[in-house]
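Working notes, structure below.
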Amino acid sequence: MYIPRANQEDRVPVLHKLIEDHPFASLITMGSSGLFASHIPMVLEQNGAMGQLRGHISRANSQWRDYTPAVEALAIFSGPQHYITPNWYLEKQETGKVVPTWNYVVVHAYGYLKVIEDGEWLMTHLTSLTNIHEADSPVPWKIGDAPADYIAALRRGIVGLEMTIERLEGKWKVSQNRSEQDRDGVAKGLAELNTADSLEMKALVERRD
């Protein structure tokens with residue numbers, strides 16, 4: 001990924017936080033038919049220096065059969081993003097030499113993919129995945145709430161995926177290349193939009209140097 005120095009983020013805890021906050025990944029592998037992508041939620045486990053990602057896909061999905069284990073897989077996690085209008089820049093009034101852009105935050109995780117069909121591993125993974133995403137529910141749903149034979153049948157229809165992260169890349173494109181006055185204008189414009197997306201990006205623009 002092309003990352004200008006001003007946009008580079010390499011602090012592992014920061015990158016892990018984005019993965020945990022935005023766990024829906026684009027998982028890309030190379031196989032005999034070329035590049036293949038699946039879009040799946042993944043769980044970050046604190047195993048190894050950079051962590052480990054775990055997920056699962058349908059057994060009917062050919063990705064787990066047709067991928068090259070010797071070639072690194074890529075999991076992309078996309079965070080906040082927003083269109084930035086040049087109308088928010090002070091520079092527009094001063095010189096007019098401004099154009100629109102797009103602010104965004106993204107993490108790329110690379111590693112060698114491993115397919116796992118062990119039933120115990122799958123149940124541990126599914127329990128972890130469920131517990132994470134049910135945590136904010138007033139009455140969290142549990143796997144045990146469904147009939148055991150029903151869960152067993154569904155489990156047989158999936159395969160697990162595990163990737164120990166070998167390297168991480170983070171890109172925080174949040175107006176760092178603009179002047180302080182322009183960044184203030186971007187933050188104000190995003191605040192006036194007052195949407196969940198705009199306020200999330202506003203916080204990033206204000207927090208970054």
Seminar exercise, completed: Heavy atoms of P41 and F24 approach each other most closely as N-CD1, 3.7 Å
Problem set entry | pair L113-Y67: side-chain heavy atoms closer than 4.5 Å | yes
For this session: Begin with the C-alpha distance, continue with both residues' side-chain angles, and end with the deciding distance and a verdict on side chain to side chain contact (heavy atoms under 4.5 Å, CB included) for L18 and E20.
Result: CA-CA 5 Å; L18 183 129; E20 291 171 339; over 6 Å; no
Exercise. Partners of N47 by side chain to side chain donor-acceptor pair (under 3.5 Å), sequence neighbours excluded?
Worked result: Q52
Exercise. For residues Y104 and K171, is any side-chain donor paired with an opposing acceptor at under 3.5 Å?
Worked result: yes
Exercise. CZ/R54 to OG/S128 distance, rounded to the nearest 0.5 angstrom?
Worked result: 8.0 Å
Exercise. Looking only at side chains, do N7 and Q176 share a donor and an acceptor under 3.5 Å apart?
Worked result: yes
Exercise. Taking atom CD of E200 and atom CD of Q81, what is their separation to the nearest 0.5 Å?
Worked result: 9.5 Å
Problem set entry | Evaluation steps, side chain to side chain contact (heavy atoms under 4.5 Å, CB included), between K188 and W88 | CA-CA 8 Å; K188 180 180 177 182; W88 292 337; over 6 Å; no
Exercise. Just wondering, are more than 12 heavy atoms of other shown residues or ligands nearer than 6.0 Å to CD in E94?
Worked result: yes
Problem set entry | Nearest heavy atoms of V205 and R183, plus distance in Å | CG1-O, 3.8 Å
For this session: Check whether any side-chain heavy atom of D184 sits under 4.5 Å from a side-chain heavy atom of E206, and report yes or no.
Result: no
Exercise. Just checking, any donor-acceptor pair under 3.5 angstrom between side chains of T101 and K173?
Worked result: yes
Problem set entry | Connected hydrophobic set around W121, excluding itself, where side chains approach under 4.5 Å | I116, L122, M123, L126, W141, I143, Y150, I151, L154, I158
Problem set entry | Donor-acceptor contact below 3.5 Å, side chain T195 vs main chain S198 | yes
Exercise. Can you tell me how far CG of L193 sits from NE2 of H82, rounded to the nearest 0.5 angstrom?
Worked result: 5.0 Å
For this session: Tell me whether Y112 is reachable from V107 by hopping between hydrophobic residues (I, L, V, M, F, W, Y) whose side-chain heavy atoms are closer than 4.5 Å.
Result: no
For this session: Supply the atom-to-atom distance S26 OG to H108 NE2, rounded to the nearest 0.5 angstrom.
Result: 9.0 Å
Exercise. Which value, rounded to the nearest 0.5 Å, describes the distance between S179 atom OG and E91 atom CD?
Worked result: 7.0 Å
For this session: Determine whether D197 and M201 make a side-chain contact, defined as any pair of heavy atoms from C-beta on separated by less than 4.5 Å.
Result: no
Exercise. With a 4.5 Å limit on heavy-atom distance, are the side chains of W172 and L15 in contact?
Worked result: yes
Exercise. Within a reach of under 6.0 Å around CD of E120, are more than 12 heavy atoms found that belong to other residues, nucleotides or ligands?
Worked result: no
Exercise. Is V43 reachable from L168 through a run of I, L, V, M, F, W or Y residues, each pair having side-chain heavy atoms under 4.5 Å apart?
Worked result: no
Exercise. Cluster question for you: counting only ILVMFWY and a side-chain heavy-atom cut-off of under 4.5 Å, with indirect links fine, are I57 and L44 together?
Worked result: yes
For this session: Using the six-membered ring wherever Trp is involved, compare the ring planes of H56 and H125 and label them parallel, tilted or perpendicular (cut-offs 30° and 60°).
Result: perpendicular
Problem set entry | salt bridge (Lys or Arg N to Asp or Glu O under 4.0 Å) between E9 and R11, worked out | CA-CA 6 Å; E9 177 56 76; R11 293 172 293 176; 2.8 Å; yes
For this session: Write down the atom of S38, the atom of N61, and the distance for their closest heavy-atom approach.
Result: OG-ND2, 2.9 Å
For this session: Using only heavy-atom distances, determine whether the side chains of T29 and Q63 contain a donor-acceptor pair under 3.5 Å.
Result: yes
For this session: Compare every heavy atom of R167 with every heavy atom of M50, then report the nearest pair and how far apart it is.
Result: SD-CA, 3.6 Å
Problem set entry | Donor-acceptor contact below 3.5 Å, side chain T68 vs main chain A70 | no
Exercise. What are the two closest non-hydrogen atoms of A73 and L27, and how far apart are they?
Worked result: CB-CD1, 4.4 Å
For this session: Report yes if the side chains of Q46 and H16 come closer than 4.5 Å at any heavy-atom pair, otherwise no.
Result: yes
Exercise. In Å and rounded to the nearest 0.5 Å, what is the NZ to OG1 distance from K142 to T127?
Worked result: 11.5 Å
Problem set entry | Min side-chain heavy-atom separation F77-V106 under 4.5 Å | no
Exercise. Does one hydrophobic cluster hold both I40 and I165, with members joined at side-chain heavy-atom distances below 4.5 Å?
Worked result: yes
Exercise. Can you hop from L74 to M163 via hydrophobic side chains spaced under 4.5 Å?
Worked result: no
Exercise. Can you tell if the side chain of R59 reaches within under 4.5 Å of the side chain of E117, non-hydrogen atoms only?
Worked result: yes
Exercise. Would E134 and V139 satisfy side chain to side chain contact (heavy atoms under 4.5 Å, CB included), going step by step from the backbone distance to the final call?
Worked result: CA-CA 8 Å; E134 287 286 332; V139 183; over 6 Å; no
For this session: Under the side chain to side chain donor-acceptor pair (under 3.5 Å) rule, collect the residues that match up with T130, sequence neighbours excluded.
Result: none
Problem set entry | Test log, rule side chain to side chain donor-acceptor pair (under 3.5 Å), inputs S175 and N103 | CA-CA 7 Å; S175 301; N103 277 5; 2.9 Å; yes
For this session: Write down the atom of D145, the atom of P140, and the distance for their closest heavy-atom approach.
Result: OD2-O, 4.2 Å
Exercise. Are any non-hydrogen side-chain atoms of R178 and V186 less than 4.5 angstrom apart?
Worked result: no
Exercise. Side chains of E169 and Y110: is there a donor and an acceptor less than 3.5 Å apart?
Worked result: yes
For this session: Report the C-alpha distance between L199 and L190 in whole Å, list the side-chain angles of each, state the deciding distance to 0.1 Å, and finish with yes or no for side chain to side chain contact (heavy atoms under 4.5 Å, CB included).
Result: CA-CA 6 Å; L199 295 178; L190 290 167; over 6 Å; no
